[in-house]
Amino acid sequence: MNYKIPRGTYDILPSQSHDWHKIISAFRQLAAACGYEEITTPVFEQAQLFERSSGETSDVVKKEMYRFTDQKGREFALRPEGTAPVARSYLENRLDIGAAHSKLYYVGPMFRYDRPQAGRYRQFYQYGIEFIGSDHPYFDAEVISILWNYLSVLGIKRMRLELNSVGCPECSKAYDQALQDYFRPHLNELCPDCQIRHSQKPRRLLDCKVKTCKQIAQGAPSQLDYLDEPCKVHFASVQDYLARMNIPFVINPRIVRGLDYYTNTAFEVIYEGLGAQNSLAGGGRYNGLLEQIGGKNIPAIGFAGGFERLLLALREEQIDLGARPVADAYLITMGPAAQQLALPLLSQLRLGGIWVEYDPTKNSFKAQLKAANNCQARFALIIGEDEAAAGKALLKDLQSGEQRLLELDAANQFIEAFKRN
RNA sequence: GUGGGUGUAGUUCAAUGGCAGAGCACCGGAUUGUGGUUCCGGGCGUUGUGGGUUCGACUCCCAUCACCCACCCCA
């Protein structure tokens, strides 16, 4: 074969689809129970949308975006994340009118031109929640609780919720200043990356993995000490709500968000044992985003999580998502007369939602029965020459070996009765 | 974008310069229409791809692609 799947992408094969359906529908169910409705946006958008929202200096925009120009010279990008498109749709479709707030969720592929690694792909699938229209700390807690409860419901245990507040733009600015002041005397001890970070993104100095940078960062000031009064109150209130909702969390003042639009609450769910990419999901408040892309000053909060990493974590915890579904019955016919009688029955059963396998290329009785066994069907529905002559069907339970001779239409009823159990 | 590891049958892996093999899976058979167990039979693989060294390359060298792992970044 001459063609290969693009780097960093993968096929979800039939043997895995069941798991994917499981985790996706669990998310949809929980989101719906919390009053969130699905929104689906295109997988590509104007490149500018992401440049404006994520920030031109962010890595996502600088080097990870799949960009392309269409036949009329318009600049587009495959979406690297889901929040900006949802915000765009919210504004474009005037969802702000007539409702106090919007509760939205999405599921779908995202694209980043990254070097593939454990838990990291170029096309990856995310689930996310966006709550748009209120700054009230209850909603921070609600959104976070949906994430936590979703992961919990699936059975994930060895995870931890880390919480931080990056404050409003003012506190944030003051903090950046404080960080720069703190690191300035050590500037030439820092790694080259950090020297750039110092002027561009001081916060990134905090999670550098180089030893000396780490040591210096030890004594750095904490964001939490630079929150102004309203931000402090907001953060305390979020914690309070979480506690009352029974969501366990730890404060981690070093959580840094990669995208520029985050304000106040920032959080992440960490799972050790995923390798270097140990973040299961992350999110935060983005009060500045909607205004930044041309809307009014509308507060919002949300999160996004990666299904691939979720699946890795589930495997790590040996959580069984249930067996792949198998056929209800396998139809066996011998000879043309039997087949003629069988085909209408086959259609009838299938229309009734019963999964019946049939393969006329297997002509020996033995091969057909073997195939029935191999596909793990519960029943073999046998119509041979004798049955055909008598207008009957032999229904064999492949587990017990028990078999019954039934009228052709009685076979239908029998299987339906069985399905109900 | 940088560094390390890996690439042989559908799959898991052997074969350290001399005829490319095994387990599992799959298919067929062991007298006419009863599966799972057992027995027998069934593999012509561009050894990821392209070059090079050599009488001879899965094996050594170079390049390239892909995967894995880490940096980076994040989900």
Side-chain angles (χ1 to χ4, degrees), chain A residues 1-10 13 15 54 57-65 79-83 107-128 147 151 191-194 196-197 201 204 207-210 255-259 267-271 274-284 302-313 330 332-335 338 361-388 394-403:
Chain A
M1 220 264 287
N2 293 322
Y3 299 102
K4 280 205 272 192
I5 194 167
R7 180 162 202 202
T9 67
Y10 58 94
L13 299 173
S15 58
S54 300
T57 57
S58 69
D59 284 301
V60 166
V61 168
K62 270 193 308 194
K63 49 186 196 193
E64 294 174 5
M65 262 203 324
R79 60 182 183 195
E81 55 104 20
T83 300
V107 164
M110 305 294 162
F111 307 84
R112 287 187 200 172
Y113 189 85
D114 248 345
R115 184 94 172 238
Q117 201 184 321
R120 190 168 81 184
Y121 299 89
R122 289 186 170 177
Q123 172 169 341
F124 56 102
Y125 295 82
Q126 284 193 330
Y127 53 94
L147 173 58
L151 299 171
C191 71
D193 284 341
C194 280
I196 296 166
R197 290 181 182 127
K201 292 208 169 174
R204 285 246 166 264
D207 60 358
C208 181
K209 283 172 189 167
V210 175
I255 288 187
V256 175
R257 304 277 65 200
L259 307 175
F267 59 95
E268 209 161 314
V269 175
I270 304 294
Y271 187 91
L274 292 186
Q277 311 299 321
N278 63 357
S279 172
L280 222 43
F303 71 76
F307 281 119
E308 292 83 359
R309 292 181 191 179
L310 175 52
L311 248 13
L312 283 176
Y330 192 101
I332 294 173
T333 62
M334 291 299 284
T361 65
K362 295 195 186 305
N363 36 27
S364 85
F365 186 80
K366 183 176 207 153
Q368 294 187 75
L369 198 53
K370 203 169 185 174
N373 193 58
N374 276 352
C375 79
Q376 297 183 71
R378 175 69 198 271
F379 292 106
L381 186 57
I382 301 165
I383 304 177
E385 280 155 5
D386 299 346
E387 288 83 0
L394 188 64
L395 189 69
K396 176 172 179 135
D397 184 326
L398 290 170
Q399 275 161 39
S400 65
E402 175 195 352
Q403 47 187 45

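Chain A is the first sequence line, chain B the second, and so forth, proteins listed ahead of strands; every chain is numbered from 1. When reading the values below, keep in mind they use all heavy atoms of this one structure, side chains included, and skip hydrogens, waters and symmetry mates.
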| field | Sequence-distant partners of Arg112(A), side chain to side chain donor-acceptor pair (under 3.5 Å), two or more places apart | value | none
| field | P spacing across the pair rG23(B) / rU38(B), given as an integer number of angstrom | value | 14 Å
What nitrogen or oxygen pairs link the protein and nucleotides 68-72 of chain B at under 3.5 Å?
residue: rC69(B); atom: OP2; partner: Ala118(A); partner atom: N; Å: 2.6
residue: rA70(B); atom: OP1; partner: Ala276(A); partner atom: N; Å: 3.0
residue: rA70(B); atom: OP2; partner: Gln117(A); partner atom: NE2; Å: 3.3
residue: rC71(B); atom: OP1; partner: Lys209(A); partner atom: NZ; Å: 3.3
residue: rC71(B); atom: N4; partner: Arg120(A); partner atom: NH2; Å: 3.3
residue: rC72(B); atom: O3'; partner: Arg197(A); partner atom: NH2; Å: 3.4
residue: rC72(B); atom: N3; partner: Arg120(A); partner atom: NH1; Å: 2.7
residue: rC72(B); atom: N3; partner: Arg120(A); partner atom: NH2; Å: 3.4
residue: rC72(B); atom: N4; partner: Gln117(A); partner atom: OE1; Å: 2.9
residue: rC72(B); atom: N4; partner: Arg120(A); partner atom: NH1; Å: 2.9
residue: rC72(B); atom: N4; partner: Gln277(A); partner atom: NE2; Å: 2.9

| field | Counterpart residues, side chain to side chain contact (heavy atoms under 4.5 Å, CB included), relative to Ala118(A) (two or more places apart) | value | none
| message | Taking side chain to side chain donor-acceptor pair (under 3.5 Å) as the definition, give me every residue that meets it alongside Tyr271(A), ordered by chain and number, with sequence neighbours left out. | response | Glu317(A)
| C1' gap between rU37(B) and rU46(B), integer Å | 40 Å
| said: Checking Leu369(A) now: which residues fulfil side chain to side chain contact (heavy atoms under 4.5 Å, CB included) with it, not counting sequence neighbours? | reply: Ile332(A), Phe365(A), Ala380(A), Leu398(A)
Write out a two-atom table: protein N or O, nucleotide N or O from nucleotides 47-51 of chain B, distance below 3.5 Å.
none

| field | Partners passing salt bridge (Lys or Arg N to Asp or Glu O under 4.0 Å) against Asp397(A) (at least two apart in sequence or in another chain) | value | Arg378(A)
| Which listed nucleotide (rG36(B), rC26(B), rA75(B)) is nearest to the side chain of Asn374(A)? | rC26(B)
| query | By ring-ring contact (aromatic ring centres under 6.0 Å, His included), which residues pair with Phe267(A), not counting sequence neighbours? | reply | none
| query | So what is the 5' to 3' dot-bracket string for RNA chain B, if pairs are Watson-Crick or G-U wobble with both distances under 3.5 Å, crossing pairs use [ ] and | means the partner sits on another strand? | reply | (((((((..((((....[..)))).(((((.......))))).....(((((..]....))))))))))))....
| said: Using modelled atom types and a 3.5 Å cut-off, is there a donor and acceptor pairing between side-chain atoms of Arg120(A) and backbone atoms of Arg115(A)? | reply: yes
| field | Residue list, side chain to side chain donor-acceptor pair (under 3.5 Å) with Tyr10(A), at least two apart or on another chain | value | Glu308(A)
| note | With sequence neighbours left out, the residues meeting side chain to side chain donor-acceptor pair (under 3.5 Å) with Tyr125(A) are Gln123(A)
Close N or O pairs between protein and nucleotides 29-34 of chain B (under 3.5 Å):
residue: rG33(B); atom: O6; partner: Glu385(A); partner atom: N; Å: 2.7
residue: rG33(B); atom: O6; partner: Asp386(A); partner atom: N; Å: 2.7
residue: rG33(B); atom: O6; partner: Glu387(A); partner atom: OE1; Å: 3.4
residue: rG33(B); atom: N1; partner: Glu387(A); partner atom: OE1; Å: 2.9
residue: rG33(B); atom: N1; partner: Glu387(A); partner atom: OE2; Å: 3.3
residue: rG33(B); atom: N2; partner: Glu387(A); partner atom: OE2; Å: 2.8
residue: rU34(B); atom: O2; partner: Lys396(A); partner atom: NZ; Å: 2.5
residue: rU34(B); atom: N3; partner: Gln403(A); partner atom: OE1; Å: 3.3
residue: rU34(B); atom: O4; partner: Gln403(A); partner atom: NE2; Å: 3.4

| field | Whether Phe124(A) stacks on the six-membered ring of rA75(B) base, 5.5 Å and 30° limits | value | yes
| message | Would you compute the distance between atom CD of Gln368(A) and atom NZ of Lys366(A) and round it to the nearest 0.5 angstrom? | response | 13.5 Å
